Amino acid sequence: MVTFHLPAKGLKGVAKTREFEFEVDEPEFKGGSNVAPMPIEYLLGALASSIGINMRSYADEQGWDVGEIDVEVRFHKGENDERIALEKVTFGNEISDEQHAALIEASKNCPVSKMLFSEVHVEEME
């Protein structure tokens with residue numbers, strides 16, 4: 001569970017989960033104070049980190065030493081206003097084309113990808 005508190009004024013708030021908390025804000029041009037990442041940046045960070053962690057787990061299961069993993073994701077609007085995630089993944093060690101393809105396929109099974117790219121319904125809890 002994550003909770004979020006936004007004060008009576010401004011756009012900077014605090015999200016909390018387990019024993020962690022982190023600030024969330026908007027840039028000045030959107031009315032924020034630009035002292036913390038925007039919600040979409042946390043979402044992209046969640047996606048990138050989930051992809052990387054899923055790839056590492058899969059590589060370890062296969063016994064592959066892929067070295068460091070760097071993941072870049074971004075969203076942009078497509079032709080029909082759909083949002084498209086683009087990812088760029090680099091590995092610290094040389095890997096084969098087959099390993100690369102298998103790791104990209106494994107990335108599609110990460111929990112954040114599954115949540116983002118399936119139908120999600122938001123309902124108020126009682």
Side-chain angles (χ1 to χ4, degrees):
M1 178 174 74
V2 176
T3 62
F4 180 72
H5 174 75
L6 190 64
K9 295 191 182 219
L11 300 178
K12 185 184 101 180
V14 176
K16 295 180 181 182
T17 184
R18 296 183 298 144
E19 66 270 18
F20 306 103
E21 63 179 49
F22 50 97
E23 291 183 328
V24 181
D25 197 5
E26 290 286 345
E28 290 178 359
F29 75 90
K30 288 188 169 187
S33 52
N34 199 38
V35 297
M38 298 182 297
I40 190 69
E41 291 166 328
Y42 279 112
L43 180 65
L44 292 174
L47 177 59
S49 59
S50 185
I51 287 170
I53 290 168
N54 210 60
M55 287 180 157
R56 166 75 71 221
S57 296
Y58 183 78
D60 288 352
E61 287 172 10
Q62 301 302 311
W64 300 339
D65 180 10
V66 299
E68 296 177 352
I69 300 173
D70 291 301
V71 180
E72 180 181 317
V73 296
R74 65 183 81 181
F75 280 103
H76 72 91
K77 286 187 176 185
E79 290 179 16
N80 297 319
D81 220 23
E82 74 275 13
R83 305 275 191 270
I84 301 170
L86 302 175
E87 65 180 74
K88 176 182 175 186
V89 181
T90 56
F91 301 95
N93 292 341
E94 188 119 356
I95 62 173
S96 71
D97 290 343
E98 292 80 17
Q99 288 172 318
H100 187 270
L103 288 163
I104 294 297
E105 192 61 34
S107 77
K108 297 174 185 174
N109 292 318
C110 79
V112 177
S113 289
K114 286 181 177 181
M115 178 181 247
L116 285 175
F117 302 114
S118 64
E119 192 171 334
V120 176
H121 300 278
V122 177
E123 298 176 5
E124 188 172 8
M125 296 185 301
E126 294 187 30

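Just so you know, these numbers come straight off a predicted model, no measurement behind them.
The line from CG of Asp65 to CG of Asp60 is 8.5 Å long, rounded to the nearest 0.5 Å.
Side chains of Val89 and Leu103 form no contact here, defined as non-hydrogen atoms less than 4.5 Å apart. In this structure, Met1 and Thr3 have side chains that are in contact, with non-hydrogen atoms separated by less than 4.5 Å. Leu43 is listed as a side-chain neighbour of Leu116, based on a closest heavy-atom distance under 4.5 Å.
Residues passing the side chain to side chain contact (heavy atoms under 4.5 Å, CB included) test with Ser118, sequence neighbours excluded: Val120. Scanning for side chain to side chain contact (heavy atoms under 4.5 Å, CB included) contacts around Leu6 gives Phe4, with sequence neighbours left out. Judged as a salt bridge (charged side-chain N to carboxylate O under 4.0 Å, His left out), and not counting sequence neighbours, the contacts of Glu105 are Lys108.
For residues 21-49, the side chain to side chain donor-acceptor pair (under 3.5 Å) pairs, not counting sequence neighbours, are Lys12-Glu23, Asp25-Ser33.
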Got a list of side-chain donor-acceptor pairs under 3.5 Å for residues 52-59, not counting sequence neighbours?
unit_1 : atom_1 : unit_2 : atom_2 : d
Asn54  : ND2    : Ala106 : O      : 2.6
Arg56  : NH1    : Gly67  : O      : 3.0
Arg56  : NH2    : Gly67  : O      : 3.0
Ser57  : OG     : Ile53  : O      : 3.1

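As a member of the Ile/Leu/Val/Met/Phe/Trp/Tyr network built from side-chain separations under 4.5 Å, Phe20 groups with nothing else and remains a singleton.
Here the shortest heavy-atom pairing between Ser113 and Ser107 reads OG-O, 3.7 Å. Taking all atoms of both residues into account, the shortest heavy-atom contact from Gly13 to Pro7 is CA-CD, 4.2 Å. Contact between Leu47 and Phe75 at its shortest, heavy atoms only, is CD2-CZ, 4.4 Å.
In the hydrophobic clustering of ILVMFWY residues, with side-chain heavy atoms under 4.5 Å counting as a link, Val2 and Val14 come out apart. Each of Leu11 and Val35 belongs to its own hydrophobic cluster when Ile, Leu, Val, Met, Phe, Trp and Tyr are linked at side-chain heavy-atom distances under 4.5 angstrom. No chain of hydrophobic side-chain contacts below 4.5 Å, direct or via other Ile, Leu, Val, Met, Phe, Trp or Tyr residues, connects Val24 to Leu44.
Other residues, nucleotides and ligands place more than 12 heavy atoms under 6.0 Å from the CD atom of Glu19.
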